[in-house]
Asks: 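Supplied in structure tokens, the structure appears directly below.
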Amino acid sequence: MSIPILEGLNPAQRSAAEHGGGSLLILAGAGTGKTRTITRRVAHLVRERGVDPRSILAITFTNKAAKEMRSRIREWIPEAGMWVGTFHATCARMLRMDPEPVGRSQDFTIIDEDDRKKLIRRITKDLGWDTTVYKPRGFQTMISYWKRLRMGPDGAAEEAALHGLKEERAAQVYEKYEKALAKQDSLDFDDLLLKGQELVEWDGKGPKRWATKWEHILVDEYQDTNELQYQFVRHLSEAHGNLAVCGDPDQSIYQWRGADIRNILRFEEDFPGTHVVRLEQNYRSVGNVLEAAQAVIANNHSRKEKDLWTEKEKGEPLTLSESPDEEMEALAIAARVRQWTNAGTPAKEIAVFYRTNACSRSLEAAFTRLQIPYQVVGGLSFFERREIKDLLAYGRLVVNPKDDVAVERVINVPPRAIGATTVDRLRAKAQELDEPLLKALSRSEVRDAMGTRAKKSLTSFLSVYVKISERAESAENSLRAIIERTGYRRFAESLGDMEDVDRLENIDELLAFASEYDERMGQGLRGFLEEVTLLTDHDRWEEGAQRVSLMTVHTAKGLEFDRVAVVGLEEGLFPHARSFENPGGMEEERRLFYVALTRARQELFLSHCRMRFRTGAPGPQAPSRFLDELPIHLLEGESMEEALPAQEATEGMSRAGSELFRVQDWVDHTTFGRGVVQKVLGKGINQRVVVRFEGERDPRQLLVAYAPLAKVQSS
């Protein structure tokens, strides 16, 4: 006997699931069961309303969310056949099936951000410009901006002429960059959305392959859509008007990458007759966490009112901790985490959030010192390691021989005595022939023109390419052939462990992942490369690992933990200084804080410092304005000494009492080296010294109680 589709849904969730045709806006507060609501809606459309699952498109923002949605849908509709994926993955799939209108083949490759930066750097150098002045990352940002505005190189050149030399040169790079991508049959991440939208618009004027393919469109996290994504779903739903979106304006935190909160705020104007459902019962957080988050976000104006509530208990008060500096803050956080784990909370259910990645350094040092296992989410990922990128580049060449970026990465890997000069000459020949590098290299007259030694080396690379160019049926077998025929395993062994990395273990892990992909998807090497390229930080997060997760709040979006600590809650850091002059920016910072708070199921620990090392020197810090917006009755304070283990606190206090520094004393610091005291300020635990260290122009001010500082004999 099957379970009724709507069983277990609250009245608001049931209303959203039962909605038939027309536009639907589901305003889903944090932790209100939106995924359950969306999947039950899909099941209801198919089983109760007779909608063909192949005519339903569901779009998410992360592969992790797409995987979870597919899994839940299968519980109700086995082998549904509907499309579920991110915006980028959906567009990539469409473009694979219909690439000609946008000038690509089915075998186009997707270049990642690192390869994109390298291509832009090479173009900048080819133009004769100094890359330390005209930074590739800056050009990359401008090109992304122009693409989000659907502005090609010609339009970008016109706009750049109104601004300055840097913008004009960015437009020149953009033009050459686009030609390079077309020539090597590649797309970047921005192109997936841009070309996907172009495909839909072209289709609307012609054969209607896509305009009528789907009868129902569902979009999750709609508050994070940008203009291209907005236009994409609008065009796809135009024929039938069955567009259901789910989101929360209070969790719109991606303005910096083009997200437009107005898309959800004006949804009812854009789609008249919209049925609006508010999901307000929170199933995630205890009462105190929820009340705190609601009190903070109520200070924003650009939002849609919701009154979140929970049947859970009130829970523990929020802990607000103040530390003298970031090193002691990190130790206090580590000590609290140790308390949580000792009390029975699994490490995987604990997370520490920060506003910027720079805050992770002191935390990593403290966690290492207290021997607490942790993982930094969003740092150097598995797929960014040298050996993995090398093998994936070989794979891209097998799929797409026009991929010049891949050729340049592996032409001398393993070493074949092919230097930069030879590559430059090969590139010049390819440009002269207007051909991709590999095609030019296949010409005997090109190799003959390179000199005896270079010719031999290039012929060796060409021979390797021929050996690996036959694709096996599975991704795993294709990669095994690449590893064997290039001799990469021997090369990896020769590199040793200079970076404290077991490269052979990483290679085996890549093969295991490819095997898992073959079993799950079975779309060969091309499909595997596409999945890997589209992975996000969420997808790289080892969810089951028994380690504490350290991450930015942006990365934490969509995740939840039993216990959460938020560090660096100071003016200029969180909220970030960039938001001070922009009301919209300050509201986004407040939404970011709201997201941080609502990741916690049971307990929150909030922390700030009196002194933090920023912009090259320590400076006094003021507590974040967001802390003043928290209801006072929900907070309990904790001094740094209470948070630290007894041994750590004792060491810090004894150092303050025993070391009596005077002007002209010579001191030694574990990081800054030897210096001389110029001033002594304050007394006891708050005593500071101003020290000029050898080799440094400006003196530093240090808190005596916690600085690793010791007196030495003068020299």
Side-chain angles (χ1 to χ4, degrees), residues 9 12-45 49 51 55-62 65-66 68-69 72-73 82-91 193 196-197 200 213-255 258-280 302-306 557-558 591 595:
L9 299 185
Q13 292 172 333
R14 180 182 290 261
S15 173
E18 286 183 314
H19 179 72
S23 52
L24 169 67
L25 172 59
I26 305 171
L27 291 170
T32 55
K34 65 184 177 68
T35 304
R36 174 200 290 183
T37 305
I38 293 172
T39 52
R40 298 290 184 92
R41 170 166 173 72
V42 170
H44 189 269
L45 285 172
R49 295 184 178 268
V51 176
S55 69
I56 300 174
L57 169 64
I59 302 177
T60 66
F61 263 82
T62 67
E68 182 181 0
M69 191 176 291
R72 292 209 199 178
I73 287 172
M82 64 179 283
W83 281 37
V84 181
T86 65
F87 273 102
H88 288 88
T90 299
C91 288
L193 299 180
Q197 172 63 8
V200 170
K213 178 174 177 59
W214 294 291
E215 193 180 327
H216 284 269
I217 314 288
L218 297 94
V219 184
D220 193 13
E221 305 288 3
Y222 190 71
Q223 78 280 348
D224 292 329
T225 53
N226 61 27
E227 179 64 19
L228 272 174
Q229 292 160 337
Y230 165 77
Q231 293 293 343
F232 180 73
V233 296
R234 181 157 196 162
H235 275 90
L236 286 179
S237 61
E238 222 161 30
H240 47 71
N242 297 328
L243 174 61
V245 304
C246 184
D248 180 7
D250 292 339
Q251 298 184 70
S252 178
I253 59 172
Y254 295 111
Q255 182 180 350
D260 190 344
I261 193 174
R262 293 174 299 178
N263 290 347
I264 192 167
L265 293 177
R266 71 184 184 203
F267 188 84
E268 294 139 283
E269 299 171 30
D270 292 341
F271 302 93
T274 291
H275 178 55
V276 180
V277 176
R278 285 174 165 79
L279 304 186
E280 296 177 316
S302 296
R303 60 190 303 260
K304 286 182 177 287
E305 197 64 43
K306 296 183 305 301
K557 179 76 163 57
R591 291 194 291 268
V595 165

Asks: Taking the side chain as every heavy atom from C-beta outward, state whether V233 and V245 have any atom pair closer than 4.5 Å.
Replies: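 Heavy-atom side-chain distance check fails, nothing below 4.5 Å.
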Asks: Specify the closest pair of heavy atoms between T86 and T62, including all atoms of both residues, with the distance to one decimal.
Replies: CG2-C, 3.4 Å
Asks: Report yes or no: does Q229 contribute a side-chain atom to a donor-acceptor pair with the main-chain N or O of N226 at less than 3.5 Å?
Replies: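 Yes, the answer is positive, given that a donor and an acceptor are paired below the 3.5 Å cut-off.
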Asks: Specify the closest pair of heavy atoms between A244 and R41, including all atoms of both residues, with the distance to one decimal.
Replies: CB-NE, 3.8 Å
Asks: For side-chain contact (heavy atoms from CB on, under 4.5 Å), just list the numbers for M69 and T39, CA-CA rounded to whole Å, side-chain angles, deciding distance to a tenth of an Å, and then say yes or no.
Replies: CA-CA 7 Å; M69 191 176 291; T39 52; 3.9 Å; yes
Asks: Does G21 offer a backbone N or O that forms a donor-acceptor pair with the side chain of N242 under 3.5 Å?
Replies: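 No.
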Asks: Say whether, by atom type as modelled, one donor and one acceptor occur between the side chain of H44 and the main chain of A16 under 3.5 angstrom.
Replies: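 Side chain of H44 to backbone of A16, a donor-acceptor pair under 3.5 Å: no, none is there.
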Asks: With a 4.5 Å heavy-atom cut-off, do I26 and K34 have their side chains touching?
Replies: no
Asks: With rounding to the nearest 0.5 angstrom, report the CD1 to CG distance, I217 to L57.
Replies: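 Rounded to the nearest 0.5 Å, the CD1-CG separation comes out at 4.5 Å.
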Asks: Rounded to the nearest 0.5 Å, what separation is found between the CZ atom of F232 and the CD atom of E227?
Replies: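 Atom-to-atom, F232:CZ and E227:CD are 14.0 Å apart.
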Asks: I'd like to check T90 versus W83 (side-chain heavy atoms, cut-off strictly below 4.5 Å). Are they in contact?
Replies: yes
Asks: For E18, is there any backbone N or O sitting under 3.5 Å from a side-chain donor or acceptor partner on R49?
Replies: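 It does hold such a pair.
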Asks: Find out whether D270 and Y230 are in side-chain contact, i.e. whether some heavy atom of one side chain is under 4.5 Å from a heavy atom of the other.
Replies: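 D270 reaches Y230 side chain to side chain.
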Asks: Does H19 have any ring pair (Phe, Tyr, Trp, His ring centres under 6.0 Å) partners at least two apart in sequence or in another chain, and if so, which?
Replies: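 With neighbours one apart ignored, the set is H275.
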Asks: What closest approach, in Å, do D248 and A28 show between heavy atoms, and which atom pair accounts for it?
Replies: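 Nearest heavy atoms, D248 then A28: CB-O, 3.3 Å.
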Asks: Less than 4.5 Å apart, any side-chain heavy atom of E269 and any of P272?
Replies: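 A side-chain contact is absent here, since even the closest heavy-atom pair is not under 4.5 Å.
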Asks: Atom CZ in F271, atom CZ in R234: separation rounded to 0.5 Å?
Replies: 4.5 Å
Asks: I would like to know whether F61 and Y254 meet ring pair (Phe, Tyr, Trp, His ring centres under 6.0 Å); could you show each step before the answer?
Replies: CA-CA 12 Å; F61 263 82; Y254 295 111; 7.6 Å; no
Asks: Indicate the atoms forming the closest heavy-atom contact of Y222 with N263, along with that distance.
Replies: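 Smallest heavy-atom distance, with atoms named: CE2-O, 3.2 Å.
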Asks: Measure the CZ-NZ distance between R278 and K306 for me, rounded to the nearest 0.5 Å.
Replies: 8.0 Å
Asks: Which heavy atom of G33 sits nearest to which heavy atom of T37, and what is that distance?
Replies: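 Looking at all heavy atoms of both residues, the closest pair is O-OG1, 2.9 Å.
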Asks: Compare all side-chain heavy atoms of D224 with those of K557 and state whether any distance is below 4.5 angstrom.
Replies: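 In short, these two side chains touch, coming nearer than 4.5 Å.
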Asks: If I take atom CG from residue L24 and atom CG from residue L218, how far apart are they, to the nearest 0.5 angstrom?
Replies: 8.5 Å
Asks: List the atom of F267, the atom of S23, and the distance in Å for their closest heavy-atom pair.
Replies: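 Where F267 meets S23 most closely, the heavy atoms are CE2-CB, 4.2 Å.
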Asks: Check this for me: R262, atom CZ, are more than 12 non-hydrogen atoms of other residues, nucleotides or ligands nearer than 6.0 Å?
Replies: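 Counting other residues, nucleotides and ligands, CZ of R262 stays at 12 neighbours or fewer.
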Asks: How many angstroms lie between NE2 in H216 and CG in L243, if you round to the nearest 0.5 Å?
Replies: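 Output value for this atom pair is 11.0 Å.
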Asks: Would you check if Q13 and R36 make a side-chain contact, meaning some heavy-atom pair closer than 4.5 Å?
Replies: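 Touching, per the 4.5 Å side-chain cut-off.
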Asks: May I ask you to check whether Q223 and E221 show a side-chain donor-acceptor distance below 3.5 Å?
Replies: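 The criterion, which ignores hydrogens and geometry beyond distance, is satisfied for E221 and Q223.
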Asks: Determine whether R303 and E305 make a side-chain contact, defined as any pair of heavy atoms from C-beta on separated by less than 4.5 Å.
Replies: yes
Asks: Would you confirm whether H235, through its side chain, and Q231, through its main-chain N or O, come within 3.5 Å as a donor-acceptor pair?
Replies: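 Checked: pair present.
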Asks: Give a yes or no answer on whether the side chain of S252 reaches the backbone of P249 with a donor-acceptor pair at less than 3.5 Å.
Replies: no
